[in-house]
Visitor: 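Structure below; questions to follow.
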Amino acid sequence: MPTHHIAVLPGDGIGPEIVAEAVKVLQRLSKDGLDLQLEFADVGGAAYAKHGHPLPEATLALAKKADAVLFGAVGDWKYDNLERHLRPEQAILGLRKHLGLFANLRPAICYAELAAASSLKPELVGGLDILIVRELTGDIYFGQPRGRRTASDGHFPGSEEGFDTMRYSRPEIERIAHVAFQAARKRGKKVTSVDKANVLETSQLWREVVTQVAQQYPDVQLDHMYVDNAAMQLVKAPKSFDVIVTGNLFGDILSDEAAMLTGSIGMLPSASLDANNKGLFEPSHGSAPDIAGQGVANPLATILSAAMLLRYSLGQPQAADRIGAAVQRVLADGLRTPDIYAPGTTKVGTAQMGDAVVRAMG
Ligand code: NAD
């Protein structure tokens, strides 16, 4: 059995607390024979405090060498006044860039036991399990030219204007479409491609290319939806989706909307993958400095991120399923960290929740 090298980057705020629980879960798998080598490194504000940079060379080298990266969270109010390139959040942007992580996978899962925490009716979200695949390195966020200038035309010639460029190349669309179709094959075999092809040239190319890629996946059903309709359908009938694939801008907005359907940000994992399925896995939430050090943070998003790491980067779907089932069991047993607590359930802290998941793994 090969040795799997995992770079573990806990970061700031609640990062170290929640990552410690995910590490317990990985160590439980090691006990059963999965050969996992975990190596730790500083990142974010913690790295700046020790080494003067949020993404030190040694951390980047470790992340590059590893088969996958388990990431906690970065950011703390005390670093808010640093120059932009030294701020903790730059670490995550640097890792995405240097590791070529172009595909962001964010599942929105609503466990039946937590359906009451959603702002939607429980019957609409209970059992929800959708996956948003967002392109992460292109689109209007990175397209050139961009900037400010004096308008030479438009509604107010001669006035100051800001402008950005939405662009996607055929290979960029092809590779994200492949990620979505391959993910759908492992799930409900349905992809909804979201665009604004009725208005945007970029979206027309997007739709054309996704349709062409779909021909290589005859077992997966493809449909197309305009982004405004997708935003509506997500709150009207979220369970009608399986995998949603979309560009950087639309994905940014829709993935946050989908996350909120589930009621708790503390439950949602995420993955950012390169072309070879190597990835960085992290909870969808931030470093929560308001509750750091209190032992009350929900570690489940990070534990579920470790499960995604096993599934997508290490090719260990059974180990991933084992973690998912254990999380489901502790929720069914009524254990809740404060963020998901409801009367009638049992309130537990971060470490107790992690220990309970390990016990539930058998
Ligand atoms: P946040 O996600 O850290 O917190 C938002 C709210 O959710 C807070 O009330 C927090 O207590 C709560 N929360 C978050 N995770 C939780 C968990 N696991 N258990 C229980 N409650 C949880 O977002 P924010 O407050 O806007 O940002 C705080 C810091 O995190 C900032 O410095 C920001 O830049 C950073 N951030 C980092 C990442 C990342 O590392 N990828 C992502 C988003 C924000």
Side-chain angles (χ1 to χ4, degrees), residues 7-22 25 41-49 54-55 59 63 69-97 99 101 104-106 109 111 114 117 119 134 136 251-253 255-256 259-260 262-272 279-306 308 327 330-331 335-342 345 347-354 356-357:
V8 182
L9 314 181
D12 306 318
I14 60 172
E17 300 166 52
I18 52 180
V19 165
E21 302 313 311
V25 167
D42 296 315
V43 75
Y48 173 77
L55 183 57
T59 302
V69 179
L70 180 66
F71 189 92
V74 292
D76 196 313
W77 299 316
K78 68 180 175 224
Y79 301 113
D80 276 357
N81 294 325
L82 285 175
E83 278 174 66
R84 199 177 153 79
H85 74 285
L86 293 176
R87 291 180 60 159
E89 293 79 3
Q90 291 301 312
I92 190 87
L93 299 178
L95 282 164
R96 276 182 194 163
K97 186 171 145 215
L99 300 181
L101 306 175
N104 185 227
L105 275 59
R106 277 179 55 174
I109 298 168
Y111 295 92
L114 301 181
S119 48
R134 165 189 172 194
L136 208 53
D252 190 359
I253 299 163
S255 59
D256 270 12
M260 283 323 295
T262 70
S264 174
I265 190 93
M267 296 295 303
L268 296 176
S270 81
S272 302
L280 181 145
F281 300 82
E282 57 171 334
S284 292
H285 57 73
S287 55
D290 53 333
I291 56 167
Q294 298 174 24
V296 295
N298 186 344
L300 294 179
T302 316
I303 289 172
L304 292 167
S305 300
M308 287 187 88
V327 167
V330 296
L331 293 173
L335 300 191
R336 303 282 189 273
T337 42
D339 58 310
I340 51 174
Y341 174 76
T345 60
K347 201 183 278 185
V348 295
T350 310
Q352 282 169 287
M353 185 58 109
V357 173

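Read the numbers this way: they start at 1 and go in the same order the structure lists the ligands and their atoms.
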Visitor: Given Gly286, Pro338, Pro283, Pro299, which has its nearest heavy atom closest to atom 43 (C) of ligand 1?
Guide: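 It is Gly286 whose heavy atom sits nearest to atom 43 (C) of ligand 1.
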
Visitor: Looking at atom 6 (C) of ligand 1, what's its closest protein heavy atom, distance included?
Guide: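 For atom 6 (C) of ligand 1, the nearest protein heavy atom comes out as Asp290 OD2, 5.0 Å.
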
Visitor: Considering only residues two or more places apart or on different chains, which pairs with a residue in residues 297-306 satisfy side-chain hydrogen bond (donor to acceptor under 3.5 Å, both in side chains)?
Guide: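 For residues 297-306: Asn298-Thr337, Asn298-Asp339.
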
Visitor: Check each of Ile291, Ile265, Ile14 against atom 21 (N) of ligand 1 and report the one with the nearest heavy atom.
Guide: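 Minimum heavy-atom distance to atom 21 (N) of ligand 1 goes to Ile291.
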
Visitor: Polar-atom distance check: Ser284 versus ligand 1, any N or O pair below 3.5 Å?
Guide: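 Between Ser284 and ligand 1, no N or O pair is found under 3.5 Å apart.
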
Visitor: I need the atoms of ligand 1 closer than 4.0 Å to a non-hydrogen atom of Gly75, numbered in the order shown.
Guide: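 Near Gly75, the atoms of ligand 1 are 32 (O).
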
Visitor: Please could you name the atoms of ligand 1 that Ala73 approaches to less than 4.0 Å, counting only its heavy atoms?
Guide: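 In order of numbering, the contacting atoms are 40 (O).
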
Visitor: Within the structure, does at least one protein heavy atom fall under 4.0 Å of atom 19 (N) of ligand 1?
Guide: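 Protein heavy atom within 4.0 Å of atom 19 (N) of ligand 1: present.
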
Visitor: Just which atoms of ligand 1 are under 4.0 Å from any heavy atom in Pro289?
Guide: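 Counting atoms of ligand 1 from 1, those under 4.0 Å from Pro289 are 28 (C), 29 (C).
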
Visitor: In terms of atom number and element, which parts of ligand 1 are under 4.0 angstrom from non-hydrogen atoms of Ala297?
Guide: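 Listed by number with element: 19 (N).
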
Visitor: Among all the protein's non-hydrogen atoms, which is closest to atom 33 (C) of ligand 1, and how far away is it?
Guide: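 Protein heavy atom with the smallest distance to atom 33 (C) of ligand 1: Glu89 OE2, 3.6 Å.
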
Visitor: What residue and heavy atom of the protein are closest to atom 37 (C) of ligand 1, and at what distance?
Guide: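 Here the closest protein heavy atom is Val74 O, 3.0 Å.
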
Visitor: Distance check, rounded to the nearest 0.5 Å: Arg84 atom CZ versus Gln90 atom CD?
Guide: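 CD of Gln90 is found 5.5 Å from CZ of Arg84.
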
Visitor: From the options Gly266, Gly11, Pro88, Ser287, select the one whose nearest heavy atom is closest to atom 30 (O) of ligand 1.
Guide: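 Ranked by closest heavy atom to atom 30 (O) of ligand 1, first place is Ser287.
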
Visitor: Side chains of Asp12 and Ser287: donor-acceptor distance under 3.5 Å anywhere?
Guide: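 No pair is found: no donor N or O on one side chain lies under 3.5 Å from an acceptor on the other.
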
Visitor: Considering the options Leu82, Leu93, Asn81, which one meets the side-chain contact (heavy atoms from CB on, under 4.5 Å) requirement together with Arg87?
Guide: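 So, applying the side-chain contact (heavy atoms from CB on, under 4.5 Å) to Arg87 and each of Leu82, Leu93, Asn81, only Leu82 qualifies.
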
Visitor: Just verifying a value: how many Å separate Glu21 CD and Thr350 OG1, rounded to the nearest 0.5 Å?
Guide: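 These two atoms lie 6.5 Å from each other.
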
Visitor: I need the Thr262 OG1 to Leu114 CG distance, nearest 0.5 Å.
Guide: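 If I round to the nearest 0.5 Å, the distance is 8.5 Å.
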
Visitor: Please check atom 35 (C) of ligand 1 for a protein heavy-atom neighbour under 4.0 Å.
Guide: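 When distances to the protein are checked, atom 35 (C) of ligand 1 has a heavy atom within 4.0 Å.
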
Visitor: So which heavy atom in the protein is nearest atom 41 (N) of ligand 1, and how far is it from that ligand atom?
Guide: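 The answer is Glu282 OE1, 3.1 Å.
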
Visitor: If the cut-off is 4.0 Å to any non-hydrogen atom of Asp76, which atoms of ligand 1 fall inside it?
Guide: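 Reading through ligand 1 atom by atom, the close ones are 32 (O).
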
Visitor: Calculate, to the nearest 0.5 Å, the distance between atoms NZ and CZ belonging to Lys347 and Arg336 respectively.
Guide: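 Answer for the NZ-CZ pair, Lys347 versus Arg336, is 12.5 Å.
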
Visitor: How about atom 26 (O) of ligand 1: does it have a protein heavy atom within less than 4.0 Å?
Guide: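 Within 4.0 Å of atom 26 (O) of ligand 1, no protein heavy atoms are found.
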
Visitor: Please determine whether a side-chain nitrogen of the Lys or Arg among Asp256 and Arg134 lies less than 4.0 Å from a carboxylate oxygen of the Asp or Glu.
Guide: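 Looking at Arg134 together with Asp256, the answer is no, because their closest N to O distance does not fall below 4.0 Å.
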
Visitor: Using only atom types and a distance under 3.5 Å, with no angle test, would you say the side chain of Thr345 pairs donor to acceptor with the backbone of Tyr341?
Guide: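 Side chain of Thr345 to backbone of Tyr341: no pair is present.
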
Visitor: Among all the protein's non-hydrogen atoms, which is closest to atom 12 (C) of ligand 1, and how far away is it?
Guide: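 For this ligand atom, the closest protein heavy atom is Ala288 CB, 4.4 Å.
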
Visitor: Taking side chain to side chain donor-acceptor pair (under 3.5 Å) as the definition, give me every residue that meets it alongside Glu17, ordered by chain and number, with sequence neighbours left out.
Guide: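 Once residues adjacent in sequence are excluded, Glu17 has no partner under the side chain to side chain donor-acceptor pair (under 3.5 Å) criterion.
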
Visitor: May I ask whether Ala301 places a heavy atom under 4.0 Å from ligand 1?
Guide: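 The answer is no: ligand 1 sits nowhere under 4.0 Å from a heavy atom of Ala301.
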
Visitor: To the closest 0.5 Å, what do you measure between CG (Leu55) and CG (Leu86)?
Guide: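 Output value for this atom pair is 11.5 Å.
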
Visitor: Under 6.0 Å from the CG atom of Asp290, do we count more than 12 heavy atoms belonging to anything else shown?
Guide: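 Counting other residues, nucleotides and ligands, CG of Asp290 exceeds 12 neighbours.
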
Visitor: Check each heavy atom of Asn298 against ligand 1 and say whether those closer than 4.0 Å belong to the side chain, the backbone, both or neither.
Guide: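 Under 4.0 Å from ligand 1, Asn298 contributes backbone and side-chain atoms.
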
